[in-house]
Each structure stands twice: as C-alpha cells, then as structure tokens.
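First the proteins, then the strands, lettered A, B, ... as listed; each starts at 1. Only this structure's heavy atoms are used, side chains among them; waters, hydrogens and symmetry mates stay out.
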Amino acid sequence: MMELFPYLPKPKGDKKVLRDLKVRERTVQVPKNFTFVQSIAGLQECARIIKERKQFVFDLETTGLDWADYAVCIGIAVRIATGMIRVFIIPTNMAYAMYNFTAAEIREHLGDVFEDESISKIGHNVKFDQHHMHNTYGVDTNGITDDTMIAMHLLNENESHKLVDIAETWLAIDGWKIKQDGHFNVWPLGMAQTYLGKDCETTLLVYEFQQKQFAQLSVLKKLYDEVEIPNIQIAYEMEQYGIAWDGFYYDTVMKPEVQSKRAAARAKVQAVIGPVNLDSPSQVAAALFDGLRLPRINGNALDKKVLHRLIKYDVEQARQVGRELVIENFIEYRKYATLDKMFVQELPLHVVDGRIHTNNKTCGTRTGRWACMRPNMQQLPKAAIGPLIRRAFIPSKGNVLVTMDYGQIELRWLAHFSGDEKLIAAFASGEDIHTATCLLMFPTQITLAELKADKDHPLRVRAKTINFGILYGMGPQLLADTINAQARTAADIITVDDARALIKRWFDTFPKIKKYVNDTKVMVGEYGFVTTILGRKRRLPDAKLPDPMLSSMAERQAVNSRIQGSAADLLKVAQLKIRQFLLDTHYPFRMLLAVHDELVFEVPEAWLRHNEAALDELTAVMRNAMTLVVPVVVSVDLLHRWGDKIHDDDFFEEAV
DNA sequence: CTCAGGAGCGCG
DNA sequence: AAAGCGCGCTCCTGAG
C-alpha cells in the first residue's frame with residue numbers, strides 16, 4: 001500500500017507546522033562561542049575537535065561559481081554537529097582579517113579530516129564546496145553523508161531548495177538575509193563572520209528538520225542514502241575531469257562553417273525583406289505578413305511548422321512578382337543562427353585548460369533526472385548537423401570515446417509497470433520495437449518482410465509516433481500533426497479522427513497499458529503524488545483540482561514521471577555500479593558525461609584493443625543494474641571524436 | 001537600467 | 001475541446 005500524503009507540512013503561515021517543528025527562535029543566532037580562527041593552534045584545535053566528534057557541517061564562501069570564472073575561496077565555516085556547539089570561521093581571503101591562511105596551511109591541518117571517509121560531512125550543495133576545496137586548497141572531500149539541498153529536493157521537489165528559501169519557507173526563519181554591497185571578501189569582518197556562521201547554522205537546522213521527515217519515510221531515505229548521496233561523488237568526478245575540446249577543429253571548421261552559412265542566409269533573406277532583425281520573431285512576422293502579405297497560418301507565430309507551411313505561398317508569390325525566395329532561406333538562417341548562438345558562441349566560453357567541465361545539477365528536474373548547465377551537454381545537436389558540433393569533443397590523447405545507451409528504456413519501463421503481455425512479448429522477441437508494435441497494431445495490413453524493407457513505411461511511422469507520444473499523453477490533434485509532418489505522399493496524411501482511432505487501436509492492442517495509464521491517473525487523483533521504481537515521489541497536487549485543464553495536465557505528468565523517473569533511477573544506479581566495477585577491476589575507463597539514457601566514457605585506445613571483453617562486461621553492469629520484466633538493451637559505440645563512430649570490427653581487427 | 005516572461009529550439 | 005513530458009540557453013519584449 002502506498003503511503004498517504006507527503007509528510008511535509010505546508011509552506012509558511014501554517015501555525016500547526018511551526019508548532020510541530022518546535023522552532024525555538026525565528027532568527028538563527030550564531031552561537032556565542034564561535035571561533036574566528038587566526039592561528040595555527042586554532043586550526044589544530046578545529047581539526048582535533050572534528051576528529052573527536054566525527055561529524056560536522058561545513059560551508060565555503062567564494063566569489064564565483066563557474067569553472068571558467070576567476071573564483072576565490074574566501075573562507076571555510078565548520079559547525080560541529082554533534083555533542084557540542086562549536087563554530088569555526090577560517091578566513092583564507094578576507095580583506096579585513098588579521099591573518100588569512102594559505103592553501104598549504106589548510107591542507108596541512110584540515111586535509112586529513114576532509115579526506116577521512118569515516119568523518120561525516122553535511123553541507124548544502126556539497127558538490128560545489130567539494131570543487132572549491134579541491135581547486136583552491138588541494139583538499140579532497142570524502143565521507144559526504146548529507147546534502148540538505150538534495151534532501152529538500154527529495155522531500156518536496158516543487159519547492160525551492162535554496163538554503164535561504166528553505167529556512168524562510170519551512171523553518172519560518174526571518175532576518176536571515178544580510179544586505180551588503182560588494183564582494184564578500186571585502187565585507188566588514190563581523191558581517192562576514194556572521195554570514196558564514198549563519199549559513200552553517202541554518203544548514204544544521206535544516207538538516208535536523210529533514211532527518212525528522214526522513215524518519216517517517218524509509219523508502220525515500222534509502223533512495224537518499226544509497227543513490228542520491230553516493231551520486232554526488234560521481235557527478236563531482238565527471239565535472240573535475242571534464243571532456244577534451246578540440247580548439248583547432250573549432251577554429252578551422254565548426255565556427256567558419258556555421259557563421260558563414262548564417263551570414264549567407266541572412267543576406268539572402270534581407271535582400272527580399274530589407275534590413276530587419278532576423279532574430280526578432282515579431283519584426284520578421286511584420287515583414288512577412290504585413291510587408292509581403294503572406295498568409296497568417298497561426299497568428300504571428302513563426303515557428304518551424306508555420307514556416308514550412310509558408311513555403312508554397314512564398315514560391316507562388318515569388319514566381320508571380322519575380323522576386324527571390326525568402327522562407328526557405330529564413331529557415332536556413334534559423335538553423336544556423338541557432339547553432340551559432342547556442343553552441344558556436346557558447347561552448348568555447350567554458351573551455352578551461354583545453355577541457356569543458358559542465359555543471360551537473362543534482363536537483364535539476366522534478367522527475368529525478370539530472371540536468372546540466374554551463375554548458376548544457378545534454379542538448380548538443382544530434383541529427384544530420386550534429387557531428388559538425390560534436391566533433392569538437394574529443395578523447396584525451398591516446399584514448400577513444402565510448403558511449404553506452406539504453407535502448408527504448410522508457411517503453412521498457414512501461415512494459416514493466418503495466419505488465420502488458422503483448423508489449424512484453426514484443427520486447428522479448430528482440431525485434432525492433434516500433435516494427436513489432438506496428439505488426440501487432442496492423443496484423444492484416446502489413447508483413448514483417450515489408451516493414452523490414454521499408455523502415456519509413458507510413459504504418460511504422462504511425463506506430464512509432466504513438467509509442468513515443470503515449471508516454472506523454474499525446475492527444476489526437478498533435479498525433480495527427482506529428483504523423484503528417486513525416487508524410488511522404490498525400491496518401492499518408494491522416495485526419496484528427498484517424499489519429500483518435502489510432503490511439504484507440506493502440507490501447508486496444510495493449511489493453512493492460514490502458515489499465516495502467518488509467519490506474520496511474522486515479523492514483524494521482526487520490527494521493528496527489530506518484531512514485532518511481534525506487535520510491536522517488538512526484539507530487540502533483542493539481543491532480544485533485546476540479547479544473548479539467550489543470551488536473552489532466554497533472555495526470556499526464558503523473559504518467560510520464562513514473563516512467564521518466566524510473567529510467568533516471570536506473571541510470572543513477574547503473575552509474576554507481578559502474579563506478580564500483582571500475583574500482584574493483586581497475587579497468588581504465590573514465591566516466592565523462594551522463595545524458596539521460598546514455599553514458600559517455602573515455603578509455604586508453606591501446607588498452608581497449610587488448611581488452612575487448614571489457615566493453616561487454618561494462619554493458620552487462622548497465623543491463624543488470626535493475627531487473628525488469630523485459631530485457632534491457634545497451635548499445636555501445638566507439639568514437640575517435642564525438643559524432644564520428646568507429647566500426648568495432650575495424651577497430652579490433654587492427655589490433656591483430 | 002534590470003528583470004521576468006515568451007518565443008523558439010537543441011536534447012532525451 | 002484541448003498546451004504531449006522533462007530540461008537549458010538565446011534573444012526579444014514590455015514592465016518597472
């Protein structure tokens with residue numbers, strides 16, 4: 001039986017909550033006996049007490065966030081979490097401190113306690129502090145047992161997990177923010193001390209609050225302890241190591257290619273509509289709809305779909321009036337402008353010492369997936385134009401890149417959760433899943449042989465589109481549009497009614513999926529949340545609302561979150577198992593990136609040539625990370641550059 | 001001037 | 001009848 005409602009109390013203003021929490025004071029007070037450390041003896045005392053107590057909260061204050069920024073670590077705050085109230089403020093770059101410790105001094109006196117696995121560390125967004133401990137002081141941080149940001153995200157993914165917001169919302173702590181101009185390192189000493197002390201103190205209060213919540217939520221606590229917290233280290237290691245960037249390729253190929261094509265397309269468009277700003281949809285819309293009098297398809301919207309429908313009017317008008325074409329060139333401009341803005345201009349900003357270190361957001365999504373930013377390595381172009389961008393990402397010298405992908409993992413989770421015999425059988429057959437579902441849906445209309453001969457057969461397109469769309473609760477209108485966008489001939493076009501019938505046919509073909517989807521909707525309406533395979537919660541209070549627009553959106557989100565979130569759980573478990581496997585075997589793979597259902601590694605090329613079996617062993621770890629009722633399939637690619645696959649046969653034959 | 005929101009589009 | 005789920009990033013736009 002599922003747990004009843006989420007235990008977390010309502011946000012601020014709810015008196016009962018405050019009573020239950022027994023919040024003593026509405027303002028966090030830095031303990032009176034805090035120590036502003038100004039001597040080596042003081043550092044040694046701090047280390048001695050940490051070793052005694054075996055647990056502490058810590059926080060760093062810095063001037064910057066990004067790898068590519070010039071970031072300075074201003075000081076460390078340590079709050080003993082058990083048995084005594086002690087706070088140590090350790091300055092390393094405070095303008096008004098009498099003495100600032102050097103990195104060597106920090107390393108000498110605090111290095112061992114930070115590196116000691118058996119000493120428990122608590123922090124808020126610890127990965128951030130972990131990077132600065134390493135990059136500024138050369139100190140590794142082991143033994144992270146708690147992260148209040150991640151805990152908050154598990155306990156309620158809909159609320160802000162910024163420390164200050166948690167304090168205000170859940171602990172009703174006021175007067176927390178300190179207003180002061182300028183960088184932290186030139187703040188007046190008392191203010192800076194107070195700020196650091198309060199951060200630690202608040203983290204400790206939040207930690208204690210969260211532990212009370214977890215005490216009633218054993219499944220979530222297990223997910224926290226065994227998956228989320230250990231994964232901090234994996235994200236940290238991937239970020240520290242980064243991925244190599246080929247600046248020469250960028251300068252000589254990627255940038256000139258994209259920017260020249262963008263400029264050429266811009267010139268062609270502006271030759272027709274004049275010097276309007278092509279990056280302003282409203283200006284272009286005015287030029288096309290009012291200037292050229294092309295028909296408005298969907299108001300002033302000028303997205304890809306509208307543009308494609310405008311082509312025929314443009315061609316016709318251009319012929320009549322005797323002008324150059326504009327729409328196709330504008331589509332071309334859009335394409336290269338997007339590449340230019342999102343990748344060509346963006347990516348090199350994040351190169352540090354020839355490598356790109358993305359920032360994995362452990363609390364980036366409400367479903368449990370990771371997001372990542374600066375740069376977002378999960379949104380690099382993939383299709384036809386993809387390699388032009390991806391080729392700039394290369395393995396370290398002497399290595400090859402290895403990618404490992406879960407195949408159709410979300411549909412497999414759907415089969416798992418629903419228990420639908422036909423979908424399970426389709427996966428068990430090992431046949432391409434879209435082909436298999438197509439045959440099940442249209443058994444009398446097409447044969448396997450015909451489908452194999454024509455991967456883009458309209459019936460397979462229908463099946464494939466529904467297979468994906470169903471996970472998200474796609475409606476008939478969009479299904480029709482999506483299928484029609486892939487039509488090869490006029491005969492392939494379907495109506496909205498056709499689409500509605502297709503959806504019905506799909507659910508009739510897989511009856512248990514229909515039941516599963518309905519059950520999920522009922523459940524979210526009843527409980528207000530759904531859970532993933534590992535018990536991660538997605539709270540969707542809107543599902544209880546009478547407004548059908550809001551409640552049906554929440555229902556779609558519920559159906560999707562269970563699937564997407566379980567796939568995320570699987571990848572996270574796989575990452576942990578792979579890391580352990582690599583530690584055990586000493587295989588020299590390095591995990592570089594995680595992209596939802598794909599992991600990217602690099603491995604020394606010479607080693608791999610003589611250890612081909614290692615690839616199978618590694619994929620086996622991924623496949624067996626969890627047991628589903630259907631087979632889990634992992635595909636492997638080797639690459640000299642991202643975007644350029646190597647044929648395995650060629651690669652391993654050379655070794656002979 | 002800053003800031004939030006929308007449009008648009010890249011990925012799974 | 002109908003906004004298909006989850007993200008990050010850019011630019012433009014209008015509000016303050």
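Under the 4.0 Å criterion applied to side-chain N and carboxylate O atoms, A/D303 and A/R309 are not assigned as salt-bridge partners.
One can place CD of A/Q378 at 21 Å from P of B/dC9, the figure rounded to the nearest angstrom. Taking atom CG on A/N360 and atom C1' on C/dC7, their separation rounds to 13 Å, with Å as the unit. Distance, A/Y336 OH to B/dC9 C1': 16 Å, rounded to whole Å. For A/K361 and B/dC11, the NZ to C1' distance is 15 Å, given to the nearest whole Å. Rounded to an integer number of Å, the gap from A/L411 CG to C/dC5 C1' is 13 Å. Note: CG (A/L339) to C1' (C/dC9) measures 13 Å, nearest angstrom.
At a threshold of 4.0 angstrom between heavy atoms, the contacts of A/L471 with the nucleic acid are absent. Within the nucleic acid shown, A/E346 comes within 4.0 Å of sugar-phosphate atoms alone, with no base atom in reach, counting heavy atoms only. Residue A/R562 is classed as having no contact, given no heavy-atom separation below 4.0 Å to the nucleic acid. The residue A/G469 sits close to a base: some heavy atom pair falls under 4.0 Å. Nucleic acid contact for A/S561: none, since no nucleic acid atom lies under 4.0 Å from a heavy atom of the residue. Using a 4.0 Å heavy-atom criterion, one finds that A/A285 contacts no nucleic acid atom at all. Heavy atoms of A/M549 sit under 4.0 angstrom from at least one base atom. The residue A/L302 sits close only to the backbone: its heavy atoms come under 4.0 Å of sugar-phosphate atoms, none of a base. Counting non-hydrogen atoms under 4.0 angstrom, A/Q477 reaches nothing in the nucleic acid.
Contact annotation: A/R366 does not reach the phosphate of C/dC5 (side-chain N/O to OP1 or OP2, under 4.0 Å). Contact annotation: A/K304 does not reach the phosphate of B/dG8 (side-chain N/O to OP1 or OP2, under 4.0 Å). For C/dC7, neither phosphate oxygen OP1 nor OP2 lies less than 4.0 angstrom from any side-chain nitrogen or oxygen of A/N376. Not one side-chain nitrogen or oxygen of A/K341 sits closer than 4.0 Å to the OP1 or OP2 atom of C/dC12. Contact annotation: A/T367 side-chain N/O to C/dC7 OP1/OP2 distance is not under 4.0 Å.
By the ring-ring contact (aromatic ring centres under 6.0 Å, His included) test, A/Y249 is found to be paired with no residue, residues two or more places apart in sequence or in another chain being considered. The ring-ring contact (aromatic ring centres under 6.0 Å, His included) search around A/Y406 returns none, not counting sequence neighbours. Remark: A/R641 pairs with A/D246 by the salt bridge (charged side-chain N to carboxylate O under 4.0 Å, His left out) rule, at least two apart or across chains.
Remark: aromatic rings of A/Y516 and A/H416 are distant, center separation not under 6.0 Å.
If you check distances only, the side chain of A/Q379 does reach the base of C/dG8 with a donor-acceptor pair under 3.5 Å. Put simply, the side chain of A/R369 and the base of B/dG12 share a donor and an acceptor less than 3.5 Å apart.
Residues A/D432 and A/T435 have side chains that bring a donor and an acceptor to within less than 3.5 angstrom of each other. Judged by distance alone, the side chains of A/H357 and A/Q240 never bring a donor and an acceptor atom under 3.5 Å apart.
Using the six-membered ring where Trp is involved, A/F330 and A/Y333 have ring planes that are parallel, under 30° apart on the 30 and 60° scheme. In this structure, A/Y250 and A/W245 have tilted ring planes: the angle between them lies in the 30° to 60° band.
Here the side chain of A/M553 is nearest to one of C/dC5, C/dC12, C/dG4, namely C/dC5. The A/D303 side chain lies nearest to B/dC9 when the options are C/dT13, B/dC9, C/dC5. With C/dC5, B/dC11, C/dC12 as the candidates, the nucleotide lying closest to the side chain of A/P381 is B/dC11. The A/N560 side chain lies nearest to C/dC5 when the options are C/dC5, B/dG8, C/dC9. Closest to the side chain of A/D597, from the set C/dC5, C/dC7, B/dG12, is B/dG12. When distances run from any side-chain atom of A/M342 to the nucleotides B/dG12, C/dG4, C/dG8, the shortest one goes to C/dG8. For A/A371, the listed nucleotide lying nearest its side chain is C/dC7; candidates were C/dC12, C/dG6, C/dC7.
Annotation: A/K341, atom NZ; neighbour count of heavy atoms from other residues, nucleotides and ligands within 6.0 Å is above 12.
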* To do: Please step through salt bridge (Lys or Arg N to Asp or Glu O under 4.0 Å) for the pair A/E228 and A/K572, ending with a clear verdict.
  => CA-CA 8 Å; A/E228 295 296 326; A/K572 286 179 173 177; 2.9 Å; yes
* Asked: Under a cut-off of 3.5 Å for both distances of each Watson-Crick or G-U pair, what dot-bracket string does DNA chain C give, using [ ] for crossing pairs and | for inter-strand pairs?
  -> ....||||||||||||
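Under the salt bridge (Lys or Arg N to Asp or Glu O under 4.0 Å) criterion, the residue pairs touching residues 550-569 of chain A are A/R536-A/D569, with sequence neighbours excluded.
If you check residues 501-512 of chain A against DNA chain C, you find no residue with a heavy atom closer than 4.0 Å.
The separation of C/dA2 from B/dC9, taken at their P atoms, amounts to 23 Å, rounded to a whole angstrom.
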